[in-house]
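Some notes on the structure that comes next.
The analysis underlying the following values was restricted to heavy atoms, covering all of them including side chains, and did not include hydrogens, waters or symmetry mates. Nothing here was measured: the structure is a model prediction, and the numbers come from that model.
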Amino acid sequence: GTSWGTFDDRRSWIAGLGWCFSFGGPGRIDAADARPQQADISLQRFRDRLQASVAAAYQGLALSRQQLEPAQRELTASESALRIARANYEGGLLPETDLLLAQQAADRARLNRISVVARFNQAQLTLLAEAGVASLGTLTGSERVQDPK
């Protein structure tokens, strides 16, 4: 092997080293870096929506609680007026139509009280559901309530 072979007898070995540049590479890296930020933003949005829904449910409960007392006072007053109207009717001092109007006012007050209590109960259930404490299954007995330990 001290002489060089002829052009036809030589073996050629070529080794190459290359680098490939692509416009998509940095974009994929940036997209991978942005995914955790997007997940954090999505989590923050979820927390904000949850907090807003719980706050709205709490405000609805507070408003419906405020309506309980006036509805009870209205019912008490209308039942008292009905008792007085009945006594006056039985004593012959009040026509039957006025007694019927007093009865109608008392019935309206009862219905109003019932609807206020129903809205209050609904607001309580909504708050429990929004807070994640209870669901329809826990209220019907098909699911067990979990302790928030």
Side-chain angles (χ1 to χ4, degrees), residues 10-149:
R10 284 190 215 161
R11 289 186 190 175
S12 299
W13 296 94
I14 299 175
L17 179 64
W19 190 264
C20 177
F21 289 102
S22 157
F23 291 116
R28 285 192 300 268
I29 293 170
D30 290 342
D33 289 341
R35 283 188 194 105
Q37 293 172 354
Q38 289 173 336
D40 289 342
I41 291 170
S42 294
L43 179 62
Q44 187 61 37
R45 284 182 183 163
F46 173 75
R47 285 180 182 164
D48 290 344
R49 283 193 305 269
L50 181 62
Q51 186 178 14
S53 66
V54 170
Y58 180 77
Q59 288 299 321
L61 178 63
L63 289 174
S64 64
R65 182 178 291 143
Q66 290 174 356
Q67 294 173 351
L68 287 173
E69 183 60 32
Q72 182 61 45
R73 283 194 315 254
E74 177 189 13
L75 178 60
T76 303
S78 65
E79 286 178 343
S80 177
L82 178 60
R83 278 193 300 276
I84 293 170
R86 227 182 241 135
N88 286 336
Y89 174 73
E90 290 172 1
L93 300 173
L94 191 69
E96 187 176 1
T97 56
D98 289 345
L99 176 65
L100 292 175
L101 289 174
Q103 179 67 43
Q104 184 182 20
D107 290 343
R108 240 182 295 139
R110 284 187 198 101
L111 182 61
N112 183 38
R113 169 77 172 142
I114 289 170
S115 66
V116 166
V117 169
R119 282 194 301 269
F120 177 71
N121 290 339
Q122 179 64 40
Q124 286 179 323
L125 295 176
T126 301
L127 179 60
L128 290 173
E130 292 295 332
V133 175
S135 67
L136 182 61
T138 58
L139 298 174
T140 59
S142 62
E143 257 181 55
R144 308 233 352 134
V145 177
Q146 297 177 1
D147 290 330
K149 292 181 181 178

ask   = Salt-bridged, Arg110 to Glu79, with N to O below 4.0 Å?
value = yes
From CA spacing to verdict: side chain to side chain contact (heavy atoms under 4.5 Å, CB included), Arg113, Leu68 = CA-CA 7 Å; Arg113 169 77 172 142; Leu68 287 173; 3.6 Å; yes
task = Taking Ser80 for its side chain and Thr76 for its backbone only, find out whether a donor-acceptor pair lies under 3.5 Å.
result = no
task = Using only heavy-atom distances, determine whether the side chains of Gln44 and Asp40 contain a donor-acceptor pair under 3.5 Å.
result = no
ask   = Is there side-chain contact between Thr126 and Glu130, with heavy atoms separated by less than 4.5 Å?
value = yes
query = Are Gln67 and Phe120 close enough that some pair of their side-chain heavy atoms sits under 4.5 Å apart?
reply = no
query = How far apart are the closest heavy atoms of Asn112 and Ala71, and which atoms are they?
reply = ND2-CB, 4.2 Å
query = Side chains of Leu82 and Leu99: does their closest heavy-atom pair fall under 4.5 Å?
reply = yes
message = Set out, in order, the CA-CA distance, both residues' side-chain angles and the distance that settles side chain to side chain contact (heavy atoms under 4.5 Å, CB included) for Asp98 and Asn88, then state yes or no.
response = CA-CA 10 Å; Asp98 289 345; Asn88 286 336; over 6 Å; no
ask   = With side chains defined as the heavy atoms from C-beta onward, is the minimum distance between Asp107 and Gln104 less than 4.5 Å?
value = no
Heavy-atom pair with the smallest gap, counting every atom of Ser64 and Ala123 = OG-CB, 3.6 Å
inquiry  = Within this structure, what is the OG-CD distance for the pair Ser42 and Gln37, rounded to the nearest 0.5 Å?
reply    = 12.0 Å
request  = Step through the shown structure and confirm whether more than 12 heavy atoms of other residues, nucleotides or ligands are within 6.0 Å of CD on Gln72.
outcome  = yes
key: Rounded distance (nearest 0.5 Å) linking atom CZ of Arg119 with atom CG of Asn121   = 11.5 Å
